[in-house]
S.K.: 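One structure follows; several queries about it will come next.
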Amino acid sequence: MERIESVYHVAVEHTKRKVYEDVERFFERHEHLPSFKEYIESRKHYLEQIWVNVWLNKVTNDIRRSEKKAFLFERGFEIEGVDRKLINHLFRNEMRAYEPFHVIEWVFEDIADNYELWETLYQQARENYFIKKEAELVAERKDEIKTEIDKAAQHLIQHEHESIYLYIRNEIANQLQKDFSNKKKYKEVDVLALEEKLIEIGSFEVTPFLKVGHFFEELTGEIHKTSHFGRTYFEYETYYFPYERLLNRYLYKLISRLVMDKLPAEVLNHYEQWFDGPLSESIVRKIMGNTFSTVRDYYMGSIQEEYIADLLHVADIPFDLDEHRQLYARDVANREKREAEELAEIERQREEEARMLEDIFGQEYNPGARPSIRYVLHIGDTNTGKTYHALQKMKQASSGLYLAPLRLLALEVFDRLNADGVPCSLKTGEEEKEILHAKHISSTVEMFHEKEHHDVIVIDEAQMITDKDRGFSWYKAITKANANEVHIIGSRNAKSMMMELLGDADIEINEYNRDTPLQVEKKEFKMKHVTKGDALICFSRKKVLETASRLQNSGHSVSMIYGSMPPETRKKQMQQFLKGETNVIVATDAIGMGLNLPIRRIVFLENEKFDGTERRLLTSQEVKQIAGRAGRKGIYEVGKVAFTSKIPKMKERLDQIDQPVHTFAIAPTSSVFERFGRYYRDLGTFFELWEKFEPPAGITKASLYEERELYEIIQDTEIEARMNMTELYGFLHLPFSKKESPLVKQWYDTLLALMDGSDLPEPRIKTRSLEELELTYKAIGLHLLFLYRLERKTEAVYWERLREEISDQVHERLKTDVRKLTKTCKTCGKRLDWDHSFPICDSCFAKKFRRSDHKYKEKERRK
C-alpha cells in the first residue's frame with residue numbers, strides 16, 4: 001500500500017536521525033575521541049531495537065483504522081466486529097516482518113570507514129556539549145537568583161504582614177460598602193441549578209450577616225465557569241469569587257511594589273547582571289507565583305473571619321496606617337472577646353444538653369432488678385423443656401403473666417392453660433380475649449405494663465433482648481417486672497447478661513440439656529431424600545411456597561410456616577402436621593421460636609439468609625435454634641439435621657460454644673416522654689436528642705427508623721398539633737408492617753379520622769389471591785390495633801371474627817394455590833425446572849449477556 005510505503009520512508013529517516021543523536025550522546029561522555037568499534041560494542045543492543053520501536057509506533061499511529069482493516073482483510077483476516085485494540089494488535093504483528101531496516105548495516109556503510117566524518121561528529125558533539133553545559137550553569141545561576149528574590153520577598157511579607165493586611169482590609173471594606181449599598185439580594189438556590197431563574201428579594205441588610213464569610217455565600221446574579229477535581233462546569237457565582245479576584249489583583253500590585261521598594265540593591269544588581277535587564281513588578285509576580293497563591297489564600301481566610309460590622313465601620317474612616325492599626329487591634333480584641341463568649345455559650349449549651357440528656361434518658365436505662373423479687377432462670381438449648389417447667393410454676397400461682405415473642409406462642413399458651421383448667425385471658429394488641437374469673441394472662445412481650453402486679457411472670461426467649469428493634473421490650477420486662485417471682489427463659493449465651501442485669505437479686509438458676517441428641521447427616525441432602533417427619537427450612541415466603549408446591553406435586557402432603565402467615569393459619573398448619581394429616585413441613589426460621597412439633601429431621605435448604613442489610617451465613621445461635629427443633633422428646637431417640645451444602649462448616653456452627661452476649665437494646669418509655677415534655681413539645685426534637693444520647697457501655701439504642709419514617713408523614717400537620725407526644729409516639733410505634741404502602745396509608749387515614757372525629761376507615765377486603773388475603777389479614781390487624789387502643793372492644797369483636805374468616809381462607813388457599821404454583825423465569829415468564837439454580841432462564845441470561853457484551857464492545861469502539 002502506498003501509504004505504508006510513505007510511512008516506511010519517513011520511519012527510516014527518523015531512525016537515522018535517532019542514530020546520529022545517539023552517537024552525539026555517546027561522544028559527550030568521552031574526553032578523547034573513542035573508536036567506532038567502541039561505539040558499536042557499547043550501543044549494539046540499542047541499535048538492534050531502535051528500528052522496531054520507531055517503525056511500529058510510526059506505522060500504528062499514522063495509518064488510519066480503515067487502512068489497517070483493509071490491509072488485514074487482504075491477508076485473510078476476519079476483521080468484522082473485531083474491536084480497535086485487537087485490530088491494532090494484529091496490524092502491529094504483521095508490521096514486525098515488513099521490510100526491516102538493518103540499522104547496524106547502515107551504520108557500518110555510512111560511518112565505519114569514514115574517519116573524517118567520525119572525527120567531525122565528535123568535534124561537533126563536544127562543542128555542543130560545552131555550550132549546553134554552560135547554558136545549564138547560567139540557568140542554574142538564574143534559578144538561584146529567582147529563589148533569592150522569592151526568599152527575600154517572603155521575608156518582607158512576613159515582616160510587613162500586618163501592614164499588608166491593613167491595606168487589604170481597607171480595600172475589601174470599601175468594596176463591601178459599595179456592594180451593600182448597590183447590589184441586590186437573590187433568593188437562595190443550588191449554584192448548579194442553572195435551570196432555576198434567580199429571584200430578587202430586595203437589598204442587602206447588615207443584620208443577617210455576622211461574618212464576611214457568610215456574605216461570600218450570597219449570589220451575585222452572574223454565571224461563571226469554574227473547575228473542581230479537573231472538571232470544568234458553569235454555576236451561579238457567589239461573592240467569594242469576585243472578592244478573590246479583587247484580592248488577587250490588589251495583592252499582586254501591593255506586594256510587587258513592596259518588593260521592588262525594599263529588595264536589597266545587591267539582589268537587584270545580580271538580577272540585572274544575569275538577566276540583561278532590570279527587575280520589574282511583573283517579573284516579581286512571575287517569580288513569586290506559588291508564594292502569591294499561599295499568601296492570597298491566607299489573607300482570604302483572614303478576611304472571611306472578620307465581622308461585617310467592623311469592616312463597614314473601617315470603610316467610613318480615611319486610610320491612615322497608624323490609625324487603622326489601632327482600629328484593627330481594637331476590633332481583634334473585641335472579636336476575640338466575642339468569640340470567647342460564644343465558645344463559652346456553646347460549652348454551656350453543651351453541658352446543659354448533656355444534663356438534659358441524662359435527665360431525660362440516663363436514669364431510665366441503669367440496669368438493676370428489684371430486690372424484693374425472686375428470679376428463676378431457665379437456661380438451655382432449644383427443645384429441652386425450659387418453657388414447660390416455667391409454665392408449671394405459673395399455673396400453680398394465684399395470678400400469672402406469660403410474655404411471648406410471638407402472637408402465635410401467646411395464643412398457644414392461652415389455649416394450653418385454659419385446656420388444663422387454668423382460666424387465662426389473651427392480650428396481644430391485635431386481640432383481647434377476656435376469660436371470666438381469669439387471674440392469668442398470656443400476652444406478647446410488647447404489651448407488658450410494669451404497674452400491673454402478678455404472683456408469677458414468665459418471660460420467654462429472653463435472648464431476644466439483643467435485638468436492636470425489639471430488644472427493649474425484654475429489657476423492660478426483666479428489669480421492671482412487678483411480681484413475687486419472675487421466670488426468665490433463655491439460651492445459654494444470654495446467661496451472663498441476665499446475671500449482670502439482675503445484679504444482687506435473689507436468683508435461682510436451672511440449666512437444661514437435651515435428652516435427645518442431634519446427629520448431622522454426612523451426605524448432602526437432595527429433594528428426592530424427603531421422608532415423613534422432615535422439616536425443610538428456607539428463608540423467604542417465596543421459597544417456602546415454591547418448595548411446598550414441588551413436594552405436593554411429587555406426592556407429599558405438606559404443612560407450611562412463614563413469618564407473614566396469619567397465626568391462626570399457622571396454628572392449623574401445625575395441627576395438620578401434629579395429627580399426621582401432613583407428613584412434611586416447610587418453614588422459615590419462624591419455626592425456631594418456641595414451636596414444638598414432632599419433627600424427625602431438620603433440613604437446611606439454605607445456609608444463608610438476608611438480614612435486612614446483607615445476605616450472610618447463618619450464625620451459630622441461628623443454626624442451633626432451628627436445628628434444636630429436631631427429635632421431639634418422647635417421640636424420637638435422636639434428632640437428625642441435614643444440609644444441602646457446606647456440611648463441615650455448618651456442623652462446626654452447630655457444635656461450637658456460643659460466646660456470651662453482652663449488649664442489649666433500649667427504646668423510649670412513657671417516663672422518658674414525660675421528662676422530655678418538661679423541655680420540648682415536638683417529636684422531631686425528641687428524635688434528634690435520641691440520636692445524640694450515648695447509652696452506657698453494653699447498651700445499644702433502637703434505631704427508631706420506622707417510627708421516624710412515619711413521623712415525617714405527619715410532621716407539622718394537624719395530627720401532630722392536636723395529639724400529645726406520648727399518645728402520638730404510641731401510634732408511631734404500633735406493630736404493623738410499615739414497609740407495605742397500603743398499610744401505611746390506612747394508618748395515616750385512621751389518624752386523620754381520629755382528628756376529624758369521623759368514623760375510622762374500614763380496611764379494604766381483597767380475596768382474589770393468597771397475597772391479597774394475607775394483606776387483608778394485616779389490614780384488619782392494624783384496624784384492631786387502633787380499636788383496642790381506643791377501648792372499642794365491642795366493635796373489635798366483629799373484626800376479630802372477620803379476621804378469623806380471612807385466616808381460614810388463607811388456610812384453604814394454601815391447599816389449592818400452592819399445588820398450582822410453578823417456578824418461572826422472572827424476565828419472560830417461561831416455566832423453569834425446580835432444580836434450575838437461577839431466577840431467569842438460560843435464554844434470557846444469554847440475551848442479557850449478549851447485550852452486556854455488545855455494550856462493552858460499543859464502548860471500546862468509541863474509545
S.K.: Return the OH to CD distance between Tyr236 and Glu196, rounded to the nearest 0.5 Å.
M.R.: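 That separation rounds to 7.5 Å.
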
S.K.: Could you tell me which non-hydrogen atom of Glu237 sits nearest to which non-hydrogen atom of Arg245, and how far apart they are?
M.R.: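 Heavy atoms of Glu237 and Arg245 come nearest at OE2-NH2, 3.0 Å.
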
S.K.: Can you see which heavy atom on Glu222 is nearest to which on Thr220, and at what distance?
M.R.: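 Nearest heavy atoms, Glu222 then Thr220: N-OG1, 3.2 Å.
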
S.K.: Is there a donor-acceptor pair under 3.5 Å between the side chain of Ser758 and the backbone N or O of Leu754?
M.R.: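 Not at all, since once roles are kept as given, no pair shorter than 3.5 Å links the two residues.
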
S.K.: Rounded to the nearest 0.5 Å, what separation is found between the CE atom of Met288 and the NZ atom of Lys146?
M.R.: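 Result: 14.0 Å between the selected atoms.
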
S.K.: Can a cation-pi geometry be assigned to Lys142 and Phe275, taking NZ or CZ under 6.0 Å from the six-membered ring centre and within 45° of the ring axis?
M.R.: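 Yes; both conditions hold, so Lys142 lies above the ring face of Phe275.
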
S.K.: Keeping Thr685 on the side-chain end and Arg681 on the backbone end, is there a donor-acceptor pair under 3.5 Å?
M.R.: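 No; zero donor-acceptor contacts below 3.5 Å.
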
S.K.: Would a line drawn from the ring center of Phe319 to the ring center of His324 be shorter than 6.0 Å?
M.R.: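 Phe319 vs His324: aromatic centres under 6.0 Å.
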
S.K.: Could you give the distance from CG (Leu752) to CG (Leu760), rounded to the nearest 0.5 Å?
M.R.: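 One finds 11.5 Å between CG of Leu752 and CG of Leu760.
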
S.K.: For Tyr250, look at atom OH and say whether over 12 heavy atoms of other residues, nucleotides or ligands are found less than 6.0 Å away.
M.R.: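 Yes, OH of Tyr250 has more than 12 neighbouring heavy atoms, counting only those of other groups under 6.0 Å.
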
S.K.: Going by the side-chain contact (heavy atoms from CB on, under 4.5 Å) test, name the single residue among Glu707, Arg708, Lys701 that passes it with Trp690.
M.R.: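 Passing option: Lys701.
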
S.K.: Would you verify whether the NZ or CZ of Lys211 falls within 45 degrees of the ring axis of Phe209 while also being under 6.0 Å from that six-membered ring's centre?
M.R.: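 Judged by the rule (NZ or CZ under 6.0 Å from the ring centre, within 45° of its axis), Lys211 is not positioned above Phe209.
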
S.K.: Carefully, step by step, assess Thr147 and Glu144 under the rule side-chain hydrogen bond (donor to acceptor under 3.5 Å, both in side chains).
M.R.: CA-CA 5 Å; Thr147 302; Glu144 289 173 357; over 6 Å; no

S.K.: Between Glu200 and Lys185, is there a salt bridge with N-O shorter than 4.0 Å?
M.R.: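 Salt bridge between Lys185 and Glu200, a charged N being under 4.0 Å from a carboxylate O: no.
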
S.K.: Does any non-hydrogen side-chain atom of Phe472 lie less than 4.5 Å from one of Thr669?
M.R.: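 The answer is yes; the side chains approach within 4.5 Å.
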
S.K.: Report, as yes or no, whether the 6.0 Å neighbourhood of atom NE2 on His155 holds more than 12 heavy atoms from other residues, nucleotides or ligands.
M.R.: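 Counting other residues, nucleotides and ligands, NE2 of His155 stays at 12 neighbours or fewer.
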
S.K.: What distance separates Glu160 CD from Leu166 CG, expressed to the nearest 0.5 Å?
M.R.: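 Rounded to the nearest 0.5 Å, the CD-CG separation comes out at 11.0 Å.
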
S.K.: Return yes if some donor-acceptor pair links the side-chain N/O of Tyr243 with the main-chain N/O of Leu176 below 3.5 Å, else return no.
M.R.: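 Yes, the answer is positive, given that a donor and an acceptor are paired below the 3.5 Å cut-off.
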
S.K.: Crowded around Arg330 CZ? As in, over 12 foreign heavy atoms under 6.0 Å?
M.R.: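 Yes, the 6.0 Å shell around CZ holds more than 12 heavy atoms from other groups.
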
S.K.: Please test Asn334 against Asp310 for side chain to side chain contact (heavy atoms under 4.5 Å, CB included), starting from the C-alpha separation and ending with a verdict.
M.R.: CA-CA 10 Å; Asn334 289 337; Asp310 290 347; 5.8 Å; no

S.K.: Please lay out, stage by stage, how Glu762 and His783 fare under the test side-chain hydrogen bond (donor to acceptor under 3.5 Å, both in side chains).
M.R.: CA-CA 7 Å; Glu762 294 187 353; His783 190 61; over 6 Å; no

S.K.: If only atom types and distance count, is the side chain of Thr776 paired as donor or acceptor with the main-chain N or O of Lys766 below 3.5 Å?
M.R.: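 Yes.
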
S.K.: Looking at Phe180 versus Phe204, is the centre-to-centre ring distance below 6.0 Å?
M.R.: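 Yes, ring centres under 6.0 Å apart.
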
S.K.: For residues Tyr748 and Ile719, report the shortest heavy-atom separation together with the two atoms involved.
M.R.: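 That closest heavy-atom pairing would be CE1-CD1, 3.8 Å.
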
S.K.: I'd like to know if Lys739 pairs up with Glu706 as an ion pair, taking the criterion as any Lys NZ or Arg NE/NH1/NH2 lying under 4.0 Å from an Asp or Glu carboxylate oxygen.
M.R.: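 Not counted as a salt bridge, because no side-chain N and carboxylate O are separated by less than 4.0 Å.
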
S.K.: For residues Lys738 and Leu710, report the shortest heavy-atom separation together with the two atoms involved.
M.R.: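 Shortest heavy-atom contact: CE-CD1, 3.5 Å.
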
S.K.: Could you check, using the six-membered ring where one of them is a Trp, whether Tyr328 and Tyr165 have ring centers closer than 6.0 angstrom?
M.R.: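 When the ring centroids of Tyr328 and Tyr165 are compared, they turn out to be within the sub-6.0 Å range.
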
S.K.: Please tell me whether Asp316 and Gln177 have a donor and an acceptor in their side chains that are separated by less than 3.5 angstrom.
M.R.: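 The answer is yes; a qualifying pair exists.
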
S.K.: Between the side chain of Asp190 and the main-chain N/O of Leu192, is any donor-acceptor distance below 3.5 Å?
M.R.: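 Such a contact is found between Asp190 side chain and Leu192 backbone.
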
S.K.: Give a yes or no answer on whether the side chain of Thr717 reaches the backbone of Ile713 with a donor-acceptor pair at less than 3.5 Å.
M.R.: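 No; zero donor-acceptor contacts below 3.5 Å.
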
S.K.: Which heavy-atom pair separates Ser256 from Phe292 by the least distance, and what is that distance?
M.R.: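 The answer is OG-CZ, 3.9 Å.
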
S.K.: Charged N to carboxylate O under 4.0 angstrom, Glu148 versus Lys151?
M.R.: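 Salt bridge: no.
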
S.K.: Can a cation-pi geometry be assigned to Arg338 and Tyr307, taking NZ or CZ under 6.0 Å from the six-membered ring centre and within 45° of the ring axis?
M.R.: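 Yes, Arg338 sits over the ring of Tyr307.
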
S.K.: Before you tell me yes or no, could you show the steps for Glu281 and Tyr252 under side-chain hydrogen bond (donor to acceptor under 3.5 Å, both in side chains), namely the whole-Å CA-CA distance, both residues' side-chain angles and the distance that decides it to 0.1 Å?
M.R.: CA-CA 9 Å; Glu281 290 182 11; Tyr252 266 133; over 6 Å; no

S.K.: Cation-pi between Arg789 and Phe731: NZ/CZ under 6.0 Å from ring centre and within 45° of the ring axis?
M.R.: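 So Arg789 does make the cation-pi contact.
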
S.K.: Around atom CZ of Arg615, are there more than 12 heavy atoms from other residues, nucleotides or ligands closer than 6.0 Å?
M.R.: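 Enclosed.
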
S.K.: Have Glu720 and Tyr711 got a donor and an acceptor in their side chains that come within less than 3.5 Å?
M.R.: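 Yes, Tyr711 and Glu720 have a side-chain donor paired with an acceptor closer than 3.5 Å.
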
S.K.: Would Arg348 and Glu341 pass as an ion pair if we require N to O under 4.0 Å?
M.R.: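 No, Arg348 and Glu341 are not salt-bridged.
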
S.K.: So which atom in Tyr729 and which in Pro668 form the shortest heavy-atom distance, rounded to 0.1 Å?
M.R.: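 Scanning both residues, the minimum pair turns out to be OH-CD, 3.5 Å.
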
S.K.: Before you tell me yes or no, could you show the steps for His161 and Tyr299 under ring-ring contact (aromatic ring centres under 6.0 Å, His included), namely the whole-Å CA-CA distance, both residues' side-chain angles and the distance that decides it to 0.1 Å?
M.R.: CA-CA 10 Å; His161 162 70; Tyr299 284 134; 5.5 Å; yes

S.K.: Does Lys225 come within less than 4.0 Å of Glu235, counting only side-chain N to carboxylate O?
M.R.: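 Looking at Glu235 together with Lys225, the answer is no, because their closest N to O distance does not fall below 4.0 Å.
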
S.K.: Measuring from Leu683:CG to Glu688:CD, what's the distance to the nearest 0.5 Å?
M.R.: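 Leu683 CG to Glu688 CD: 11.5 Å, rounded to 0.5 Å.
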
S.K.: Consider ring pair (Phe, Tyr, Trp, His ring centres under 6.0 Å). Of Phe676, Phe686, Tyr679, which one does Phe361 pass it with?
M.R.: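 By the ring pair (Phe, Tyr, Trp, His ring centres under 6.0 Å) criterion, Phe361 pairs with just one of Phe676, Phe686, Tyr679: Phe686.
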
S.K.: Can you confirm whether Glu771 is buried at CD, in the sense that more than 12 heavy atoms of other residues, nucleotides or ligands lie under 6.0 Å from that atom?
M.R.: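 Yes, because the 6.0 Å sphere around CD of Glu771 holds more than 12 heavy atoms from other groups.
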
S.K.: Verify the neighbour count for atom CG of Asp759: are there more than 12 heavy atoms of other residues, nucleotides or ligands below 6.0 Å?
M.R.: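 It does not: Asp759 CG has 12 such atoms or fewer within range.
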
S.K.: Is the OH atom of Tyr233 crowded by more than 12 outside heavy atoms at less than 6.0 Å?
M.R.: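 For Tyr233, atom OH is crowded (more than 12 foreign heavy atoms under 6.0 Å).
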
S.K.: Walk me through it: do Glu353 and Gln349 pass the test side-chain hydrogen bond (donor to acceptor under 3.5 Å, both in side chains)?
M.R.: CA-CA 6 Å; Glu353 184 178 82; Gln349 290 176 1; over 6 Å; no

S.K.: Between Lys745 and Asp749, is there a side-chain N and carboxylate O pair less than 4.0 Å apart?
M.R.: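 Between Asp749 and Lys745 there is a salt bridge, with a charged N closer than 4.0 Å to a carboxylate O.
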
S.K.: Would you tell me whether Asn248 and Glu244 have side-chain atoms, one donor and one acceptor, within less than 3.5 Å of each other?
M.R.: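 Short answer, no.
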
S.K.: Does a side-chain N-to-carboxylate-O contact under 4.0 Å join Asp322 and Arg325?
M.R.: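 Salt bridge flag = yes for Arg325 with Asp322.
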
S.K.: Around Glu351, counting heavy atoms of other residues, nucleotides and ligands shown, do more than 12 lie under 6.0 Å from its CD?
M.R.: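 For Glu351, atom CD is crowded (more than 12 foreign heavy atoms under 6.0 Å).
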
S.K.: Do Arg350 and Glu347 sit within salt-bridge range, that is, some charged N less than 4.0 Å from a carboxylate O?
M.R.: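 Salt bridge: yes.
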
S.K.: Looking at side-chain heavy atoms only, is the closest gap between Glu217 and Tyr239 below 4.5 Å?
M.R.: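 The answer is no, as the side chains (C-beta and beyond) never meet within the 4.5 Å cut-off.
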
S.K.: State the CD1-CD distance between Ile303 and Glu305, to the nearest 0.5 angstrom.
M.R.: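 Here the rounded value is 10.5 Å.
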
S.K.: Is the His224 ring parallel, tilted or perpendicular to the Phe241 ring (thresholds 30°, 60°)?
M.R.: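 Correct class here is tilted.
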
